[in-house]
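Chain letters run A, B, ... following the sequence lines, proteins first and then strands; every chain starts at 1. Computed from heavy atoms alone, side chains included, the values below leave out hydrogens, waters and symmetry copies.
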Number of protein chains: 2
Amino acid sequence: MARPTKKAKAEALTELLLTMFRANNLTLAWGDRLVSPVGLTSARWQILGAIVLVDRPQPVAWLARDLGANRQNVQRIINDLKKDELVSFEPNPHHKRAQLVVLTPKGQQTYEAAINLYSPLVEALAEDFSAEDIGAAQRVLSALRTKLETLAADG
Amino acid sequence: MARPTKKAKAEALTELLLTMFRANNLTLAWGDRLVSPVGLTSARWQILGAIVLVDRPQPVAWLARDLGANRQNVQRIINDLKKDELVSFEPNPHHKRAQLVVLTPKGQQTYEAAINLYSPLVEALAEDFSAEDIGAAQRVLSALRTKLETLAADG
DNA sequence: CGTATATTGACATTATCATGTCAAATATGG
DNA sequence: CCATATTTGACATGATAATGTCAATATACG
């Protein structure tokens with residue numbers, strides 16, 4: 001049959017989800033190895049990235065929401081980052097307890113070093129794919145994300 | 001410029017990876033909620049699926065390799081599944097210690113119940129995507145997986 | 001057969017994640 | 001202003017995952 005049936009599409013999506021689980025874990029492991037020379041892990045790197053990406057410094061709970069992650073785990077990792085002097089807290093004029101998280105110079109250097117390790121490799125990796133396929137994959141996964149976020153919120 | 005530059009593709013891939021992290025976590029959480037009525041979790045469900053998919057019963061270590069997961073964690077989960085009488089061990093003619101993992105009738109029923117919960121939802125979810133986009137996403141992620149598996153093995 | 005190597009399950013340890021609770025601080029609605 | 005609900009960081013606890021080690025077993029190779 002030319003037109004894909006409902007079931008065929010559902011099976012394809014199932015296969016995609018299983019592939020995503022694998023690719024996700026492999027990517028995290030790859031990231032761990034990649035940035036370990038600068039003392040980071042995938043998790044710490046992601047959190048540094050979240051801090052860099054926001055326009056203005058935010059408290060931990062906001063960063064956690066941005067990341068779609070657990071507030072408590074983000075807190076723990078950011079506390080670790082503070083011990084390593086990669087981030088520091090600065091007073092929040094709007095909230096006495098919820099301090100703002102900012103990168104220290106060391107934190108900025110570390111993040112840049114991670115990016116410098118990452119950039120050439122992701123460029124090489126991207127060579128293997130067409131821009132169209134990457135775009136299609138992005139469409140599917142971000143739509144999936146939106147859908148599941150809605151489901152998680154409502155129901 | 002019409003032709004996507006190296007950097008543009010690399011940025012698109014980076015964005016895709018970040019989306020994948022989110023979609024992966026949301027999918028696992030969704031799966032946890034989905035199959036919790038039958039006493040499963042995403043992790044237990046995946047392992048049951050691996051047991052079902054293989055033609056012939058396999059020992060724990062082989063299943064772990066199939067899943068690309070930790071041998072020890074799979075062992076722990078399968079031990080839990082045995083306590084719940086969803087799987088049982090049967091003697092392996094080729095190996096005295098490495099027993100073969102098989103589903104019990106209760107395990108089969110539970111797995112089928114999970115599938116019955118899952119099927120209509122994944123069909124509904126698949127409606128939102130074109131078969132072409134799903135295929136493209138599958139191509140990208142499985143190529144990514146292959147690439148990273150190679151890197152992990154060599155490097 | 002005999003030896004070296006690899007595999008496997010059991011066990012222990014540590015790290016990471018998930019979840020709930022609490023008090024302080026803030027925001028909201030009268 | 002007051003009462004209530006929400007947010008936030010701190011803390012505790014249990015679940016899950018990652019990593020290393022060990023003895024038993026199996027495999028490969030002379």
Taking any heavy-atom pair under 4.0 Å as a contact, classify R65(A): base, sugar-phosphate, or nothing. sugar-phosphate
What's the CH2-P distance between W45(B) and dT16(D), to the nearest Å? 17 Å
Per atom distances to the R71(A) side chain, the nearest of dA17(D), dT25(D), dG9(D) is dG9(D)
On DNA chain C, more 5' by nearest nucleotide between A61(B) and P93(A) is A61(B)
Look at the side-chain N and O atoms of R76(A) and state whether any lies under 4.0 Å from the OP1 or OP2 oxygen of dC17(C). yes
Between dG9(C) atom P and Q58(B) atom CD, what is the distance in whole Å? 11 Å
Round to a whole Å and report the spacing from CG of L100(A) to C1' of dT7(D). 15 Å
Shortest side-chain distance from Q72(A), nucleotide among dA17(D), dC11(D), dT8(D): dC11(D)
Hey, are E123(A) and K7(B) close enough for a salt bridge, meaning a charged N less than 4.0 Å from a carboxylate O? no
Using the side-chain heavy atoms of P59(B), tell me which of these nucleotides is nearest: dA26(D), dG9(C), dT26(C). dG9(C)
Walk me through it: do R145(A) and E149(A) pass the test salt bridge (Lys or Arg N to Asp or Glu O under 4.0 Å)? CA-CA 6 Å; R145(A) 171 187 160 181; E149(A) 276 172 347; 3.1 Å; yes
Nearest-angstrom distance from the residue atom CZ of R33(B) to C1' of dA18(C): 15 Å
Nearest-Å distance for atom pair CG/P, residues L28(B) and dT16(D): 13 Å
Would you kindly give the CG-to-C1' distance between N70(B) and dT13(C), to the nearest whole Å? 14 Å
Any donor-acceptor pair under 3.5 Å between the side chain of R97(A) and the base of dA25(C)? no
Taking the nucleotide of DNA chain D with the nearest heavy atom to each, does N79(A) or I77(B) sit closer to the 5' end? N79(A)
Applying the side-chain hydrogen bond (donor to acceptor under 3.5 Å, both in side chains) criterion to R44(B), which one of D84(B), D80(B), T110(B) satisfies it? D84(B)
Within a reach of under 6.0 Å around NZ of K106(A), are more than 12 heavy atoms found that belong to other residues, nucleotides or ligands? yes
Can you tell me if the side-chain N/O atoms of Q75(A) get under 4.0 Å from OP1 or OP2 in dA10(D)? yes
Find out if a path of hydrophobic residues (ILVMFWY) with successive side-chain heavy-atom gaps under 4.5 Å connects V74(B) to W62(B). no
Gap between atoms CG and P, on D32(B) and dA17(D) respectively (whole Å): 10 Å
For L63(B) and dT8(C), give me the distance from atom CG to atom P, rounded to whole Å. 11 Å
Under 4.0 angstrom between N73(A) side-chain N/O and dT16(C) OP1 or OP2: no
side-chain N/O W62(B) vs dT7(C) OP1/OP2, d < 4.0 Å: no
